[in-house]
**Q** 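Just dropping this structure here.
Start at 1 with the first residue, then count along the sequence.
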Amino acid sequence: MSRILAIDYGLKRTGIAVTDTLQMIANGLTTVDTKDLETFITDYVSKEDVSTIVVGKPTQMNGENSENMKRIEPFFNRLKKLFPTKEIVYYDERFTSVLAHQAMLQSGIGKKARQNKGLVDKISATIILEDYMQSRI
């Protein structure tokens, strides 16, 4: 099988998570500078068999798109053009940052590590990926 890649797109940093080849386990992969994101994804997809790219869709509590959507939509459209044979999908990312902070607290990670925004982004991408995987069951 192939992997599923998930993206928690941010203004400065973007968290990335990926499944194993059996698509059973989601793992945080890395955090990259958003300006380098397309290059990173292109490089990763050239080395690994990726069937689906899941992009976190920032949605407000009332169901409307958040302000960040105006940056994500052009990125999403570029991905579709870059990878026409891949499935590119949105997945609701509401509460992922909150859940990432909770997961860090529950894991016993120290205060200094919890302030690492890159780690929060990577965990958020993992939560998006886990939720997406659960939605397909």
Side-chain angles (χ1 to χ4, degrees):
M1 285 183 87
S2 56
R3 298 178 189 275
I4 302 171
L5 188 77
I7 299 169
D8 180 33
Y9 189 95
L11 181 59
K12 295 179 182 179
R13 290 170 318 280
T14 296
I16 300 176
V18 67
T19 64
D20 61 320
T21 55
L22 297 176
Q23 299 182 3
M24 296 177 68
I25 300 169
N27 291 300
L29 180 62
T30 191
T31 303
V32 297
D33 288 336
T34 299
K35 64 181 173 51
D36 301 324
L37 181 58
E38 287 179 42
T39 302
F40 177 86
I41 294 169
T42 301
D43 184 52
Y44 187 84
V45 169
S46 73
K47 295 175 184 170
E48 297 288 341
D49 184 17
V50 174
S51 61
T52 305
I53 300 174
V54 179
V55 179
K57 182 177 183 183
T59 307
Q60 297 177 13
M61 291 299 295
N62 64 4
E64 292 183 17
N65 292 337
S66 77
E67 192 68 22
N68 199 27
M69 192 62 188
K70 66 184 172 189
R71 286 181 284 279
I72 294 174
E73 193 165 24
F75 166 72
F76 183 88
N77 292 330
R78 286 191 307 274
L79 283 181
K80 286 186 156 247
K81 288 180 183 167
L82 277 170
F83 307 108
T85 62
K86 310 289 182 202
E87 180 181 20
I88 315 290
V89 298
Y90 281 123
Y91 193 79
D92 188 352
E93 69 170 34
R94 272 183 276 195
F95 308 115
T96 55
S97 292
V98 173
L99 292 171
H101 281 288
Q102 288 176 348
M104 291 169 72
L105 279 170
Q106 291 172 352
S107 72
I109 292 176
K111 184 177 181 181
K112 185 88 170 161
R114 289 194 311 264
Q115 293 172 343
N116 178 345
K117 292 179 181 179
L119 180 58
V120 173
D121 294 335
K122 184 167 65 171
I123 292 171
S124 293
T126 306
I127 292 169
I128 291 167
L129 184 52
E130 288 173 340
D131 287 353
Y132 173 77
M133 291 165 58
Q134 285 295 316
S135 75
R136 298 180 342 151
I137 294 176

**Q** Apply the test side chain to side chain contact (heavy atoms under 4.5 Å, CB included) to residues Leu37 and Arg78: give CA-CA distance (whole Å), side-chain angles for both, the deciding distance (0.1 Å), then the verdict.
**A** CA-CA 12 Å; Leu37 181 58; Arg78 286 191 307 274; over 6 Å; no
**Q** Taking side chain to side chain contact (heavy atoms under 4.5 Å, CB included) as the definition, give me every residue that meets it alongside Thr42, ordered by chain and number, with sequence neighbours left out.
**A** Leu82, Phe83
**Q** Check the angle between the aromatic planes of Tyr90 and Phe76 and answer parallel, tilted or perpendicular using the 30° and 60° thresholds.
**A** parallel
**Q** Quick check: is Val18 connected to Val55 through a chain of hydrophobic side chains (ILVMFWY, heavy atoms under 4.5 Å apart)?
**A** yes
**Q** Report yes or no: do Tyr44 and Ile88 belong to one cluster of Ile/Leu/Val/Met/Phe/Trp/Tyr joined by side chain heavy-atom distances under 4.5 Å?
**A** yes
**Q** Within the distance-only criterion (no hydrogens, no angle test), does the side chain of Arg3 pair as donor or acceptor with the backbone N or O of Val50 below 3.5 angstrom?
**A** no
**Q** Taking Gly15's backbone N and O only, do any of them form a donor-acceptor pair with Asp8's side chain (distance below 3.5 Å, no angle check)?
**A** no
**Q** What about Val32 and Ile123, same hydrophobic cluster or not, with Ile/Leu/Val/Met/Phe/Trp/Tyr joined at side-chain heavy-atom distances under 4.5 Å?
**A** no
**Q** For the CE atom of Met133 and the CD atom of Gln23, what is their distance to the nearest 0.5 Å?
**A** 7.5 Å
**Q** Is there a path of hydrophobic side-chain contacts, each under 4.5 Å between heavy atoms, that joins Tyr91 and Leu79?
**A** no
**Q** Check for a donor-acceptor pair, side chain of Tyr132 on one end and backbone N or O of Val54 on the other, with a separation under 3.5 Å.
**A** no
**Q** Judged by atom type as modelled, is there a donor-acceptor pair below 3.5 Å linking the side chain of Thr126 to the main-chain atoms of Gly28?
**A** yes
**Q** Distance check, rounded to the nearest 0.5 Å: Phe75 atom CZ versus Ile7 atom CD1?
**A** 4.0 Å
**Q** Quick check for you: to the nearest 0.5 Å, what is the distance between Glu130 atom CD and Ile25 atom CD1?
**A** 10.5 Å
**Q** Using the rule side-chain contact (heavy atoms from CB on, under 4.5 Å), only one of Ile41, Val45, Thr52 pairs with Lys86; which is it?
**A** Val45
**Q** Taking all non-hydrogen atoms of both residues into account, name the closest pair between Ala125 and Ala6 and its distance.
**A** O-CB, 3.7 Å
**Q** So, does Asn77 use its side chain to make a donor-acceptor pair with the main chain of Glu73 at under 3.5 Å?
**A** yes
**Q** Between Ser51 (side chain only) and Ser2 (backbone N and O only), is there a donor and an acceptor less than 3.5 Å apart?
**A** no
**Q** Do you know which of Thr31, Leu29, Asp121, Leu129 makes side-chain contact (heavy atoms from CB on, under 4.5 Å) with Ile16?
**A** Leu29
**Q** Given the rule in the side chain to side chain contact (heavy atoms under 4.5 Å, CB included) test, do Thr34 and Leu11 qualify, once you have shown the distances and angles that lead to the verdict?
**A** CA-CA 7 Å; Thr34 299; Leu11 181 59; over 6 Å; no
**Q** Group every Ile, Leu, Val, Met, Phe, Trp and Tyr by side-chain heavy-atom contacts under 4.5 Å, then state whether Ile53 and Ile72 land in the same group.
**A** yes
**Q** Quick one: pull up CG in Asp92 and CG in Asp131 and give me the separation to the nearest 0.5 Å.
**A** 9.0 Å
**Q** Test side chain to side chain contact (heavy atoms under 4.5 Å, CB included) on Asp49 and Thr21; report intermediate values, then the result.
**A** CA-CA 8 Å; Asp49 184 17; Thr21 55; over 6 Å; no
**Q** Of all heavy-atom pairs between Gly10 and Thr14, which one has the smallest distance, and what is that distance?
**A** N-OG1, 3.3 Å
**Q** Measuring from Thr19:OG1 to Met24:CE, what's the distance to the nearest 0.5 Å?
**A** 11.0 Å
